[in-house]
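Order of listing sets the numbers, starting from 1, for every ligand and every atom in it. Atoms considered below: every heavy atom in the structure, side chains included; atoms not considered: hydrogens, waters and symmetry mates.
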Amino acid sequence: MRVVNRLIANRFFFALLCAPRIVSNATVFPPTKKSSNMRQSTLLLPTLKENPADADVVSHRLMLRAGLIRQLASGLYTWLPLGLRVLRKVEHIIREEMNISGAQEVMMPVVQPAELWQESGRWQKMGSEMLRIKDRHERDFCLGPTHEEVITDIFRREVHSYKQLPINFYQIQTKFRDERRPRFGVMRAREFMMKDAYSFHLDQESFDATYQEMYDCYSRILNRMQLTFRAVQADTGNIGGDNSHEFHVLASSGEDTIAYASTGSYAANLEKATAMAPPAAPAPSQDLEKIDTPNEKTIDAISKLLNIPATQTVKTLVVKGVESPVAIILRGDHELNEIKAAKLPSIASPFAFAEESEILQSMGAHPGSLGPVNCKIAYLVDRDAAALADFVCGANEDGVHFTGANWHRDSPLDDAQIVDARNVVEGDKAPDGEGTIEFLRGIEVGHIFQLDKAYSEPLEASVLDKDGVSQIPIMGCYGMGVTRLVAAVIEQNHDDNGILWPQPLTPYDLHIVALNPQKSEAVREASENLYNEALAAGLEVLLDDRDERPGVKFADADLIGIPQRLVVGDRGLKNSVVEYKKREEKDAVELPLDQVIAQVAAQAVI
Ligand code: ATP
Ligand code: MG
């Protein structure tokens with residue numbers, strides 16, 4: 001209830017704030033005549049004609065070519081003036097919507113003391129993504145990869161009563177993660193900006209309300225950025241629980257696979273996606289038979305030899321278990337989902353395959369000839385493998401397979417052994433029976449999930465409830481990749497010539513290109529007048545007043561991608577017109593000098 005009230009109050013305040021503005025971006029960069037950063041002759045805007053080597057995705061190439069960023073070292077980037085303008089607009093939208101949602105902005109240190117991480121138990125667990133440093137007194141610190149510990153520390157010191165709950169803190173701040181493979185420019189960097197938020201609640205109902213509020217807030221943010229996105233069910237890592245959604249910007253370059261139902265509403269990250277359980281196995285119709293397969297070590301080879309589909313075979317993978325190796329049996333055409341597997345109680349987490357020597361010792365045969373019949377170690381069977389009859393499998397004897405194998409008769413199987421451990425594939429039935437699974441690629445730009453008491457308990461955060469009893473709060477956590485979003489926007493908004501900024505994020509509203517200003521007093525004067533008129537109208541304007549060939553200027557204008565462009569040349573000025581072109585349109589039109597800025601301003605309203 002309190003959240004709702006706060007929300008209404010904030011919305012009202014926000015409406016007041018917005019009302020007088022022509023261009024909502026103006027609050028980020030108030031127009032100023034003095035500002036030299038709006039003239040291209042003085043602005044640091046180093047565009048590149050050629051595609052830089054080692055930039056594999058289009059957003060990385062265009063961010064370098066359009067002079068938005070420069071790399072300092074692997075995964076470390078400097079934001080140049082044009083890029084920073086876009087980044088600030090991304091931040092601005094996020095900040096406005098987070099404020100509307102009732103969250104409170106804070107800013108926590110990047111450098112964090114080891115003691116806090118020792119308290120939560122993560123100092124050891126974090127692995128090498130966390131960069132550890134020592135100060136001059138040899139004390140241990142890290143560069144914050146995330147801020148659960150720090151916010152929980154603030155909470156335990158400063159929040160004491162149930163009356164202060166629910167409370168949601170957020171910051172927009174630098175994170176450092178020593179990623180194994182920094183790549184795709186700012187998409188997977190080592191130092192990057194994240195908006196992270198952390199909420200505290202006395203009960204599940206309160207958490208659920210804030211979770212929904214954050215879900216809606218993320219949707220509003222991405223809609224305001226005009227992105228095509230999808231919220232999908234996501235894996236919760238070690239925390240567990242069902243409340244977890246990732247927000248994916250759809251793009252072929254995305255690192256994640258999203259499984260969604262063709263006709264239903266189901267959508268999940270492949271890491272988590274599940275299909276409808278298959279019907280039970282039919283009755284056996286073949287006898288178990290041993291065959292020699294001296295050269296057939298793969299499912300492909302065995303299927304070819306026997307002229308059967310891979311769907312009639314099973315494969316056996318041996319993985320590290322909590323105590324000893326465990327075999328996982330999958331249908332031959334299916335792939336193991338290591339994230340699902342690592343969550344099974346008998347399997348070691350983090351997930352790892354058993355070593356070959358371990359396999360030989362425990363199974364009595366090499367990979368390529370393994371199977372569930374006469375298996376000497378514990379095994380788990382994926383639901384689709386458990387639904388097979390008369391299947392082919394390795395015989396746990398090098399160079400030998402069985403045909404006509406059947407569960408129960410040849411290989412014991414009880415319900416506790418049947419698991420969901422595979423990646424879904426396109427064409428699978430959706431788990432709710434609504435449609436079939438299809439895939440899309442996505443860039444994860446946000447992740448919201450329940451932390452429960454994973455940090456509040458070990459860090460001993462508590463509040464007094466209304467009966468004066470001490471309670472440990474449950475927490476929610478809501479991340480959004482601020483710098484990654486800039487790249488994601490470009491992935492969805494570009495053509496062969498460069499970027500096409502959506503109006504809410506464009507570094508400037510208008511690009512005025514003066515043709516040969518060095519040669520023409522009339523061009524200089526007219527472009528200067530238009531520039532001043534546009535500034536007075538509240539627009540953000542970039543004036544190309546450089547002494548460059550028109551071809552260079554046009555190519556740069558397309559590359560930089562400002563949505564509206566005016567070309568001021570001697571020929572047009574004779575008729576008191578300028579050329580007007582929208583970035584996404586092919587052809588320019590001529591507009592009268594004295595009307596053009598009003599037209600531009602009308603288009604620039606968000
Ligand atoms: P990923 O699976 O991409 O590594 P994550 O699960 O580690 O992401 P979170 O810890 O949930 O990410 O961080 C919140 C958000 O921060 C992510 O949704 C993503 O947008 C952004 N982010 C995470 N790692 C990076 C990175 N190395 N570079 C840029 N942005 C990142
Ligand atoms: Mg990560």
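Between Glu246 and ligand 1 there is no heavy-atom distance shorter than 4.0 Å. Within the 4.0 Å heavy-atom shell around ligand 1 one does not find Thr483. Ligand 1 lies out of reach of Asp196, whose nearest heavy atom is not under 4.0 Å from it.
Residues Tyr215 and His245 bring their aromatic ring centres within 6.0 Å. Ring-centre distance between Tyr218 and Phe247: below the 6.0 Å cut-off.
In this structure, the protein non-hydrogen atom closest to atom 22 (N) of ligand 1 is Phe192 CE1, 3.5 Å. Residue, atom and distance of the protein heavy atom nearest to atom 21 (C) of ligand 1 are Gly481 CA, 3.6 Å. Counting protein heavy atoms only, atom 5 (P) of ligand 1 is closest to Arg177 NH1, 3.8 Å. Remark: minimum distance from atom 28 (N) of ligand 1 to any protein heavy atom is reached at Ala189 N, 3.1 Å. Counting only heavy atoms of the protein, atom 1 (P) of ligand 1 lies nearest to Arg188 NH2, 3.4 Å. Annotation: atom 19 (C) of ligand 1 to nearest protein heavy atom, Arg484 NH1, 3.4 Å. Protein heavy atom closest to atom 17 (C) of ligand 1, with residue, atom name and distance, is Glu444 OE2, 3.3 Å. Looking from atom 14 (C) of ligand 1 to the surrounding protein, the closest heavy atom is Met194 CE, 3.6 Å.
Near Gly446, with a cut-off below 4.0 Å to any heavy atom, the atoms of ligand 1 are 18 (O). Interface atoms of ligand 1 facing Val186, defined by a heavy-atom separation under 4.0 Å, are 29 (C). Contact atoms of ligand 1 toward Glu179: 24 (N), 26 (C), 27 (N) (distance under 4.0 Å to a heavy atom of the residue). Applying the 4.0 Å criterion to heavy atoms of Val445 picks out, from ligand 1, the atoms 18 (O), 20 (O). Using a 4.0 Å cut-off to heavy atoms of His447, the atoms of ligand 1 that qualify are 11 (O).
Salt bridge status for Glu191 with Lys175: absent, with no side-chain N to carboxylate O gap under 4.0 Å. Residues Glu434 and Lys429 are not paired through a salt bridge, judged by the lack of any N-O separation under 4.0 Å between the basic side chain and the carboxylate. Ion pairing between a basic and an acidic side chain is recognised when a charged N comes within 4.0 Å of a carboxylate O; Arg220 and Glu97 show such pairing. Electrostatic pairing of Asp428 and Arg422 counts as a salt bridge here, judged by a charged N lying under 4.0 Å from a carboxylate O.
Ring geometry, Phe351 versus Phe353: the interplanar angle exceeds 60°, so the pair is classed perpendicular (tilted spans 30 to 60°).
Judged by the 6.0 Å distance and 45° axis criteria, Arg85 is positioned over the aromatic ring of Tyr508. A cation-pi arrangement is present between Arg132 and Trp123, with the terminal nitrogen or guanidinium carbon under 6.0 Å from the aromatic centre and inside a 45° cone about the axis.
Checking side-chain atoms of Asp382 against main-chain N and O of Ala421 turns up a donor-acceptor pair under 3.5 Å.
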